[in-house]
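Quick notes on the structure that follows.
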2 protein chains.
Amino acid sequence: MPKTNIRTLAKQLGLSQGTVSKALKDSYEISAATKERVMALARKLNYVPNAYASSLRKQKSKTIALVLPEVADSFFSVAINGIESVAQKKGYHVLIYLTHENFAKEKAILNELKSGRVDGVLVSVARETKHPNHISALQTNGVPVVLFDRVLADTITAEVCTNDFECGYIATKHLIERGCRKIAYLSISKNLSIVNERLEGYKKAIREYELPPDKDLLITCNNSEGHNHAAIKKSLSSKNRPDGILASVEKLIITTYHVCKALHLEIPANVKVAGFSILPSAAILSPPVTTISQPAFEIGEAAAALLFKILEKKDHGPENTKIILPSALIIRGST
Amino acid sequence: MPKTNIRTLAKQLGLSQGTVSKALKDSYEISAATKERVMALARKLNYVPNAYASSLRKQKSKTIALVLPEVADSFFSVAINGIESVAQKKGYHVLIYLTHENFAKEKAILNELKSGRVDGVLVSVARETKHPNHISALQTNGVPVVLFDRVLADTITAEVCTNDFECGYIATKHLIERGCRKIAYLSISKNLSIVNERLEGYKKAIREYELPPDKDLLITCNNSEGHNHAAIKKSLSSKNRPDGILASVEKLIITTYHVCKALHLEIPANVKVAGFSILPSAAILSPPVTTISQPAFEIGEAAAALLFKILEKKDHGPENTKIILPSALIIRGST
DNA sequence: TTTATTTACGAAACCGTTTTCGTAATAGTA
DNA sequence: TACTATTACGAAAACGGTTTCGTAAATAAA
């Protein structure tokens, strides 16, 4: 109850609060003896300095924000660990915000972050987000931003992502080489960078192997499991059904498996399946699924590290750094 | 750059900062005309009040902390969504901390949270945590705590968890009724409440069916995937190998599947497997795995809601409320 | 008309730190 | 001895809101 603050300590020690503050920070201005006395009492009373008073005065919050669509995907789960590990090492706190794929919410959150609450922000944009105005607005306010995984095209922001284009290409090529001729691409957004990059890679492979491009093979899914299931089922039930499927995100792999099960389609005999995912259970699915596996932890780590680099202004102009960490194609029984 | 604060507004409007502050908060003391002028300029300059100045004065942070072992498990991923959804509705911010199952880290984090940074804390304790001293210390400091999922025995803290004892019992009973006589229980800690509750349920079923208790069937795993794999493999390779396995956490199911695959043990013919998990891919594993599925989102929601109830002191004495949300046994091909 | 009340605002304290600046006392130098 | 430098600390001003209290002016009541 007797919330001990710096004044309490000062009074009990017969010192001024300034002196106590300096002693606690091990300032050269204070004698060793006094420091000892101050430290001892602080320990005894379990003194914990008020974080906000300190932040207010120093204009530094020692806090970063993490703005995510959701924690549904195991990608983000793992990325959080990477980010948190770096932040903890640096003695920073992490605020987490979920946009639920909603642009208005994302905008509102970023606007709120102009309040001095955080020193920097990590963002993986919502599916709905098309332009970076709200992000630049935050930067203009003096809050550095690093985008990770889901970045935006043509921004002058620091970014960490993976080689989505290349992986879309490699995965599609793999499916083609395994005999697929009609490969469906399961998207989750028309304007999400990673999904489009992967799609462009897909298209490149299709072109390269001179397969007929088919708009019906581009299936746009969304956040509704019901809709996705229906859309995939419709495609796989058609007489001209695909013989290969490339899922742009993890949960669409699972939906695809469920649909195949329902339709009694054999994987990989009737249809081959690959997808972007880091599911730990990928290898024990029935059958084990071929994945393009992103270095989620490392992406999180790199994004956080880059943000701290900007905060510490070590390098010149790291505000526009783009880091690309490669993913790996892991071939399993489904293709 | 020209960081607009309340003084900037006041100066431009020819008002005192107190008046501006009150106008922005729609105080009855201020005339409608003045409020309009203030609001208009605030909008124009995109004024965002400094969060920490406000928190410092009001002694309210509008922030809660979420202290977790890790975000590896899909349980916590989903729980975060539940917690965040409630916090967002209440206009609260969420700080996330990972203990990495380390007690010392958990203690340090909770100690730091005495700094006034948060109004309340949600904790799911680390595997190593045995006693609640660090938690009561925080409470004594005036910071309410709600434990969720991984709670501590004999605490006077508010808690939200699931019916672990009952589920351990039901799952074990299910395995017995499917013909198992030697059921191994895969633990991850000697002192974690949920793991022990589940174990007690397991023991009750074993007793009830008069199966011979066998210490070799209690396998203690840890955070090392290698160790766990080896331990399970050793057990399943022994001549007296178990014919049923109950995994206390999600990742041990996956490890078990991998071991069975490596040993060419058929599930469920040679060994039946069940586990506590909300893996979305549970139904499409090979074979689909029987799970005890926790209401993770709801537990998160309930925990956050309970914390806010305490913060708002609506009820009398919600500080000791215990909420139990039931899990469900979902029987699939593995048993 | 006088008094009481309400309205609308300003002055200033306050939240708990940090930091600048000033200054006694002591130590060192010429 | 006189002067400079250093040491060790205190006073007070920040940081940017919020809140209490006081008060002039306008309005209402007597």
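Contact annotation: Tyr52(B) does not reach the phosphate of dT18(C) (side-chain N/O to OP1 or OP2, under 4.0 Å). Residue Asn50(B) has no polar side-chain atom (N or O) positioned under 4.0 Å from OP1 or OP2 of dG16(D). Dashed line: the shortest gap from a side-chain N or O of Ser54(B) to OP1 or OP2 of dG17(D) is not under 4.0 Å. Taking only side-chain nitrogens and oxygens, Lys35(A) never comes nearer than 4.0 Å to OP1 or OP2 of dA8(D). Side-chain N/O atoms of Lys25(A) include one lying less than 4.0 angstrom from OP1 or OP2 on dT19(C). A sub-4.0 Å separation between OP1 or OP2 of dG10(D) and a side-chain N or O of Thr19(A) is present. For dG16(D), the OP1/OP2 oxygens have no side-chain nitrogen or oxygen of Tyr47(B) closer than 4.0 Å. Thr34(B) has no side-chain polar atom (N or O) that falls below the 4.0 Å cut-off from OP1 or OP2 of dA8(C).
For Gln59(A) against dC15(D), no side-chain N or O and base N or O form a donor-acceptor pair under 3.5 Å. Below the 3.5 angstrom threshold, one finds no donor paired with an acceptor across the side chain of Lys22(A) and the base of dT17(C). Judged by atom type and distance alone, Lys60(B) does not reach the base of dT18(D) through any side-chain donor-acceptor pair under 3.5 Å. For Arg57(A) against dT17(C), a side-chain-to-base donor-acceptor contact under 3.5 Å is absent.
A perpendicular orientation is assigned to the rings of Phe148(B) and Phe76(B), their planes being inclined by more than 60° (bins at 30° and 60°).
The residue Ser55(A) sits apart from the nucleic acid: no heavy atom pair falls under 4.0 Å. As judged by a 4.0 angstrom heavy-atom cut-off over every strand, Ser21(B) is placed among the base-contacting residues.
Residues Thr34(B) and Ser31(B) have side chains that bring a donor and an acceptor to within less than 3.5 angstrom of each other.
The 12-atom threshold is not exceeded at NZ of Lys130(A), counting heavy atoms of other residues, nucleotides or ligands nearer than 6.0 Å.
Summarising the geometry, the separation between NZ on Lys3(B) and P on dC15(D) is reported as 7 Å, rounded to the nearest angstrom. One can place CD1 of Ile30(B) at 13 Å from P of dT18(D), the figure rounded to the nearest angstrom. We find that CZ of Arg7(B) is positioned 12 Å from C1' of dA13(D), with the value rounded to whole Å. Atom pair Glu29(B):CD and dA8(C):P shows a separation of 10 Å (rounding to whole Å applied).
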Show your reasoning for whether side-chain hydrogen bond (donor to acceptor under 3.5 Å, both in side chains) applies to Gln88(A) and Lys105(B). CA-CA 10 Å; Gln88(A) 201 167 90; Lys105(B) 200 163 275 179; 3.1 Å; yes

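Judged purely by atom type and a 3.5 angstrom limit, Asp149(B) has no side-chain atom pairing as donor or acceptor with the backbone of Cys161(B).
Counting only heavy atoms from C-beta on, Ser16(A) has its side chain closest to dG10(D) among dT18(C), dG10(D), dC15(D).
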